[in-house]
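Here is how names work: the chains are called A, B, and so on, in the same order as the sequence lines, proteins then strands, and each is numbered from 1.
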Amino acid sequence: MHSKQEHKLKVFWLQGLTCNGNAHSFLNLDYLGELLEKTEFLQHPLLPSKYALSEMAECKTGCDVLIFEGAYDPSLKRAGVFVDKILRHYAKNAKYIIAVGTCASFGGIFKATSPQTNSGILFNEAEKNGPLQEYNAKIINLSGCPVHPEWLGFTLNMIIDRRKIVLDEEHRPQELYSSLVHHGCTRNEYFEWKVDANHFGEKEGCLFYKQGCRAPMTHGSCNTILWNGVNSKTRSGTPCFGCTESDFPRTNLFETKTNMSIPADAPVGVPKRAYLTVTGIAKTFHIKRLEEPLIDYKNNT
Amino acid sequence: MARTTKEERKNGIISAALELFSENGFYITTIPDIAKKVGMSVGNFYNYFSSKDILAKELIMYISEYLGKNIRAINESDISTQEKIEKIVSMYFDTAKERPEMIEYFLRVYLSNREVFKDGCEGMICVSPFITEMMIFFEKGVASGELHDQDFFSAFGLFMGYLGGMVFLYGEKILPEPLDDYKQSISENIYNALKTRT
């Protein structure tokens, strides 16, 4: 009879070019303790690990799940060994390869600095021509800058439970990325009636027209699976930057690109003509409730 | 002789009402006047439109849809923004010549009797098809790099204010030359005012 220890999922967290953001984000998973009882990190940059990185870099063992964080750079070394070599060795035998964060998924920030050499492991922005093509079938992209800890926790639990993970065209789990960040946004009523927020941090107003919010065209569940269980960018008055998409990072994150005051991009799936018609009509309504502060601090102190 | 359909009768009322409203104004024109012009009883008229105000709103929506449909065809054609401007100017002036009551109604009734349109036609509601197509025209013009980026209404006012002004002068018989003679220079002026600045 096997011991419980032997059934633990063996995970190797390897870093490419990264800011460590995803590794840190993962530490905020509220059920991290329970998850760690079911997994064994052979190596993780922050968590207690069975092996040192230098031991893993010898490429003498294997893992069930290879997690890759950061952009792929063919010239990068870890523990004196090319990351490319380590990545390919563990990718070959792993049951799943998870690209955590937008850099590992699509290239992200580090792709932007060096577009000629850096990419994600399977995708290079929206093009599927990254270095791990031969392992296409077992790669899961968990984009996000950083990845939401719950999204990684969910995916690892699905693997542990041997459940099928349905992916979208960009290899992201549909359970996590089928909806838009717009869904669940507490400002949707302002979006519908075209009442804009004029300053960051306000409780009132839509951030789409003036603040560069990408929530209506960004796939992710930030507003339904809240950060730390309590908040999201849009809820706190910061626009969604579209960090889960392959075109992240865009320039001018706090600006909405417009042509003649008309947003260059319409929400996903909405024809621009129809969108402009609906918008024009919605703007004619002046709903007093939506144009006033939700809380009148000045007269209540 | 084939019986006229309800839709045809409705269109007959719209044409007659447009002519009377644009010639005589909204308040002087009565429902009996309109019914008489289309050759139907006042009672039957109410089967089509339940009030003069409702008719007035239907008319502006009818004009907006007519203009919107024509501009949409121009927007969807594979030509430069400059050529689109020429076609929009041409279409607008042709409408002013062939169906002057449509443009007259817009200028003399819709813009002058706002109180009639305040409930149910607020803002862009009744002119949405037309405004939407102008938005599409401007947005595509900027996206293609042909027009310079600016506030929509600054550009819209320049374009439509100019055309409306010329048709007004034409209607008042002030223009010394036929309206067609102005199409080219007006198109050039609009394009020069809106084009990308280098």
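In this structure, A/Asn124 and A/Ser119 approach most closely via the heavy-atom pair CG-CB, 3.7 Å.
For chain B, no part of A/Tyr275 is nearby; none of its heavy atoms comes within less than 4.5 Å. Neither the backbone nor the side chain of B/Ile131 comes within contact range of chain A; no heavy atoms are under 4.5 Å apart.
Applying the side-chain contact (heavy atoms from CB on, under 4.5 Å) test between A/Cys240 and each of A/Thr234, A/Leu180, A/Leu253 identifies A/Thr234 as the sole match.
Heavy-atom pairs under 4.5 Å with chain B were tallied for A/Met260, A/Lys257, A/Lys272, A/Lys283; the largest tally goes to A/Met260.
Put simply, the side chain of A/Lys203 never gets that close to the backbone of A/Leu294: no donor and acceptor are under 3.5 Å apart.
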Determine, step by step, whether A/Phe248 and A/Phe106 satisfy the ring pair (Phe, Tyr, Trp, His ring centres under 6.0 Å) criterion, reporting the C-alpha distance in whole Å, the side-chain angles of both residues, the deciding distance to 0.1 Å, and the verdict. CA-CA 8 Å; A/Phe248 179 81; A/Phe106 304 119; over 10 Å; no

